[in-house]
There are 2 protein chains.
Amino acid sequence: MRVLMIGSGGVGDAAARIASERDFFERWVVADYDVTRAERTVSAVTARRPGETRFVASQVDASSAEAVEALAREHGATHVFNAVDPKFTMSIFHGAKASGADYLDMAMSLSQRHPEQPYAVTGVKLGDEQFAVAGEWEADGRLALVGIGVEPGLSDVFARYAADHLFSEIDELGTRDGANLVVHDELGNEIFAPSFSMWTTIEECLNPPVVWEKDRGWFTTAPFSEPEVFDFPEGIGPVECVNVEHEEVLLMPRWVDAKRVTFKYGLGDEFIGILKVLRTLGLDRTEPITVKGVRVSPRDVVAAALPDPATIGPRMTGKTCAGLFVTGTGKDGRPRRTYLYHVVDNARTMADYDAQCVVWQTAVNPVVALELLAQGTWKGAGVLGPEAFDAVPFLDLLAAPKPEGYGSPWGIDER
Amino acid sequence: MRVLMIGSGGVGDAAARIASERDFFERWVVADYDVTRAERTVSAVTARRPGETRFVASQVDASSAEAVEALAREHGATHVFNAVDPKFTMSIFHGAKASGADYLDMAMSLSQRHPEQPYAVTGVKLGDEQFAVAGEWEADGRLALVGIGVEPGLSDVFARYAADHLFSEIDELGTRDGANLVVHDELGNEIFAPSFSMWTTIEECLNPPVVWEKDRGWFTTAPFSEPEVFDFPEGIGPVECVNVEHEEVLLMPRWVDAKRVTFKYGLGDEFIGILKVLRTLGLDRTEPITVKGVRVSPRDVVAAALPDPATIGPRMTGKTCAGLFVTGTGKDGRPRRTYLYHVVDNARTMADYDAQCVVWQTAVNPVVALELLAQGTWKGAGVLGPEAFDAVPFLDLLAAPKPEGYGSPWGIDER
């Protein structure tokens, strides 16, 4: 396997660090628009293991399908792994296809709200542009494995696991994400520093949240709708969660039978207030405006003004939890309410990988998936979500102690 | 009198419209960094009165004292009137001095917080840079009339009036500013659109508020301190006001005897929440950051993303009130609590001047002052605030019906 990874931000850097402990590939190209970032990642992973020569750095313009194709061909990439902001999804997706490589991403092509009824009816949905050409990928016997981070990704693997092994009938597949992370400045004062891309967080939280119901299909609601206090395990405790637009709702119903699919994110009051203000001020907008003679996108400015999520790990404490709350009827015919989850402690990922927990938790899943594809345990053709594959080998490889597995256990909480 | 006005934003444009009805000057140069804005103002005022030839447009870089000096000399300016953002105050102030003209502004040189105790002790105060060279202006027999908008400006005139005519002893001179303005979008939805420069609002609201007390001098507090619901007249009603940094607190104690001087602004909950979020996200910062290869100041982006305050008048309804709440002992020896105020209705200023009420209310005061200086009714040398001059002719000229006066009455509310 020869991997071309596009993007060496927090997640890309952590994915390279995780992959450097594994033997399933012979080449891992780290490409970034800013080649110094790619070089920094390559230096870091090379230093982790004596004799490591599989990683190389390269420059790439992710907005150009031609540039992605050329780089994939140059390195004989068998798999293009997209690890940048979702606004570049389609150029990388098309570039991979043109080069003859298979493709993986952690965030699907972006949505466009319905022009007249944005908070009721879907417009262009997440992933629609990718699924539109699924037939071409399938006809060519090629695989695009979409949404294989943690959420979407591990959450979708949980959905398949629940359907295959825990439930005879599913009422709701409800992804629930929460954390108790806190970041401090140099003086020890608590500061606001999102643990994930602010650009993406604004996108998913301010877009109309999408919900799926069996008798209704996909529909949208107002941002921050259906607030719900969800109790997260392993000491995180209760966090207020609200509907946000997320890939799971677009992926799960395609392969898993359920009556309802939702995604709720544990934003908390402060973050919700901040997002509402950004919307009020028009600072969530992505179209450039003119500021003292230069053209700049307000959302890019918001992201740039905050600490880089990849750099806050050393000043962060706490745990993050990704999981799927499944309700319905168990295999025994009795009502069942089960939370399948994966908790990561920032102290652990910092110690082991020098990566903060949220980017590490996102990054580990595509590496596990690549290893399963390299083994031939997972195989397929078309544009497929993680729930299209058998969940058991994925969950086993993730949880198994090192060096056999990735040493990152998941849990089941019956409620 | 030959006036060089620097800045043709909302306030500069309104000042030119107001001045065009008066006969006290022979030349009014409208200068702006963007000459098309200056030309737009000149076209508008020329169209207001047949045969009007006193206004001319020019380009100027307000950040260059040399450019201001050269333009003032070119037009033989007797008075340089600064109507731009306060960050350009010192270059215009020095340029006017070098050219031999007198000077007026509506916002003084900026403060710099105390490095160790920003919320207790003053650092460099508003106007300090200007007062530092007051001796030179006085020795040359030249006048810099600072802070002659509405607040500071009319509020300071009220202070002098209260001391001369209403009170024998003053406990507190408390400027209180509030409004009930609402802005709608094209579809009739209420939108967030500040009626005044967002750059300046951020500056004055997020800087440590300054308070003066006779036995303590100037000191600072935390932003949004001492919230107080103040009941504004003429139907505006109660508005929550908080301490903000403002020139009155630096000006009044220099000329008017009082025990305490404060400034509270009726921001309201939503605006306070927005300002706190801007601080949390670092979007109040003025130093440029790098965003996708361009350098830009976050605060400039926030201002540019909002509607231009000069353009929202047609979609705005309501009234704005500027005033001074004075407490102490009346001339009759009995306790007295008096609010001196000036209310402007947006419907009125739009109809008469095509200017929204907040910029109109700011703009009328320096025009009245210029007329008093042209008459010789007001005269002086040095760096002087409005309270250094007799208040009565100012208040009479402001309130007298047109064409003798400016037809904008003020009120007294005994409490």
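Both backbone and side-chain heavy atoms feed into the values below; hydrogens, waters and symmetry mates do not. Per chain, numbering begins at 1; letters A, B, ... match sequence-line order.
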Does any part of the side chain of Leu281(A), heavy atoms only, come nearer than 4.5 Å to the side chain of Val277(B), both counted from C-beta?
no

Should the heavy atoms of other residues, nucleotides or ligands under 6.0 Å from CG of Asp269(A) be counted, would the total exceed 12?
no

Quick check for you: among Asp34(A), Thr290(A), Val302(A), Val296(A), which has the greatest number of heavy-atom pairs under 4.5 Å with chain B?
Val296(A)

So, taking the atom named CG in Leu283(B) and the one named CG in Leu306(A), what distance separates them when rounded to the nearest 0.5 Å?
7.0 Å

Nearest heavy-atom neighbours spanning Ala305(B) and Gly282(A):
CB-O, 4.4 Å

Using non-hydrogen atoms and a 4.5 Å limit, figure out which bit of Leu278(B) sits close to chain A: side chain, backbone, both or neither.
side chain

At a heavy-atom separation under 4.5 Å, does Val301(B) approach chain A through its side chain, its backbone, both, or neither?
both

Which bit of Arg285(B) comes within less than 4.5 Å of chain A, counting heavy atoms only: side chain, backbone, both or neither?
side chain

In this structure, are over 12 heavy atoms from other groups packed under 6.0 Å from Lys87(A) atom NZ?
yes

Where do Arg295(A) and Val294(B) come nearest, in terms of heavy atoms and distance?
O-CG2, 4.2 Å

Under 4.5 Å heavy-atom distance to chain B, tell me which part of Ile289(A) shows up: side chain, backbone, both or neither.
side chain

